[in-house]
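Read through the structure below, which is laid out as structure tokens, and then see the notes.
Read the numbers this way: they start at 1 and go in the same order the structure lists the ligands and their atoms. Position 1 is the first residue of the sequence, and the numbers go up from there. Everything numeric here is computed off the predicted structure, so don't read it as measured data.
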Amino acid sequence: MRERYYSRELSADTSSIIIPAVTGLAFLVCLVIVAFNPDWMEFWHFWIIVIFYPITSYTAWFQIQNDRIELGNAIFITTSILFITIIMAQTWHPTSPLPYLFAIFVIITSMTLRPEASFFVWGITSILSVLAAGYTVRPFDLNYIYTLLWPIIINFILALTAYLVAYEWRFAVESISELHRKVRYRRNELFEVQEELQHTNFILRSLNDEIDNARREAVEEKEIRTRFMNTVSHELRTPLNSIVNFAHILSQGVRGPLTDGQVDYLSRIQHSGWHLLSVLNDLLDMAQIEAGEFDLKYAPTNLHLVCEEAMNNTTGLQLDKNISVIRDYPEQWPMVKADPMRLQQAIINLLGNAFKYTREGFVCLRVRSDEQRVYITVEDSGIGIKEENISKIFEEFHQVDQNVARRRIGTGLGLSISKHLVERHGGSIQVESEFQKGSKFTITLPIFKGETLNGSQPTTIKLGTTNE
Ligand code: ADP
């Protein structure tokens, strides 16, 4: 059932205004009457109103103020009807307007108690008015009583109207109050959400500050590391170049004849020097990549030349091992948009590893393509990689087996540099490997469709001699 908080409140407010107003008016009228008729014995019924009506009305008003609204209204309506009945019993005559006064309380009842209570009050007041009128007519005469029919009928019409109006009014008030309650509830919910949002915002802001600090520290740390690596690499490169070059000049016998032992030592110095230089180059590349200063110069590139040059650069690494070098090339070479030197560097890294980690068997460079992509695969029959290590080999400085890597000399940077280079070309590197059986690294690159091979001659790599 619909609760009537709001119409109850409104009923209390209405009664709080009506009770003093009606009481005050009745009090004043009765006071005037008794003032002009000093014989109080004859007008005792008006004195009753002057004295008791304010008291009973105050009691009713007090009850309403203390949230006993129904009791307060009932007291006020009952005492009012009682006082009118007393006056009527003393003063009634056929033209008296007193019975119409009951209509006021019929209406007040429907407004402040319940809409349907107006009929009850109408019934009671009708009986009371008949009784009061009957009391005044001596000897009793029914014709006089008939004159009450009009006020009773009119009061009934007013009771009906008051009932309908009060019913509609109550319904409207309750609907509005229901709506109001919902709005209030939603508003409270919104306040709660707002508070939560503020709290979350506060947490987010402090988290953001922490992240900012951490980022700043990380950037500073990275900058210091990059600067350090740059400086060290540059400082080492110059003397290393001198060592390698002078060793080469000496080994040519420019400064006089050399024994076989001296030539052997000089070529070892040269070999180690070159290796050190390539390690330094890797470190420098990595430092540049991390600093975000690694610039590539893209151009439509002939992949055939890039692959051939990479092969020529690395086949010497097989040394005295029994490895067959296989070129598995396509009949039609696709064009790619690349920085030829850097793409070649990535392929050289893969081929270098293949030769490094293969004792015997084969190293194969295979190139295939489809509509969209070209696949450059370096396959070997070398030591392979355990499955659990495959995901780690692209990490910087990661070497699967430190001892093996040491024996074969490496920095653990080659694959991460290659990955970066290939990704900068819009491609990716995949690896498949079986431990002790071999590995397969595949570079996937998008095919360049802008220009044909004949339309441009951008690649500047010199084709070397093939090993096959
Ligand atoms: P490194 O300079 O040590 O070769 P890389 O980044 O090139 O560094 O390679 C990381 C690791 O991945 C190597 O240490 C090696 O363990 C493994 N790896 C790379 N290529 C091969 C391969 N063809 N066969 C077996 N292991 C390989």
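- Heavy atoms of Ser439 approach ligand 1 to within less than 4.0 angstrom.
- Those atoms of ligand 1 with a heavy atom of Leu413 less than 4.0 angstrom away are 6 (O), 8 (O).
- Among residues at least two apart or in separate chains, side-chain hydrogen bond (donor to acceptor under 3.5 Å, both in side chains) pairs with a member in residues 372-381 are Arg366-Glu379, Asp370-Tyr375, Thr377-Thr442.
- Under the 30°/60° scheme for interplanar angles, the aromatic rings of His304 and Trp333 are found to lie parallel.
- Close contacts of ligand 1 with Ile385, meaning ligand atoms under 4.0 Å from a residue heavy atom, involve 25 (C), 26 (N), 27 (C).
- Residue pairs satisfying the salt bridge (charged side-chain N to carboxylate O under 4.0 Å, His left out) criterion with at least one member in residues 256-270, sequence neighbours excluded, are listed as follows: Asp264-Arg268.
- At least one cation-pi condition fails for Lys337 and Tyr298: the charged atom is not both under 6.0 angstrom from the six-membered ring centre and inside a 45 degree cone around its axis.
- For ligand 1, the atoms closer than 4.0 angstrom to any heavy atom of Gly414 are 5 (P), 6 (O), 7 (O).
- Residue-ligand proximity, Gly384 to ligand 1, at heavy-atom distances under 4.0 Å covers atoms 25 (C).
- At a heavy-atom distance under 4.0 Å, only side-chain atoms of Phe441, from C-beta outward, approach ligand 1.
- Of all the atoms in ligand 1, the ones that sit under 4.0 Å from a non-hydrogen atom of Lys356 are 1 (P), 2 (O), 4 (O).
- Within a 6.0 Å radius of CD in Gln252, more than 12 heavy atoms belonging to other residues, nucleotides or ligands are found.
- A ring-centre distance under 6.0 Å is not found for Tyr53 and Phe27.
- Counting heavy atoms only, Asn353 comes closest to atom 7 (O) of ligand 1 of the residues Ile390, Asn389, Asn353.
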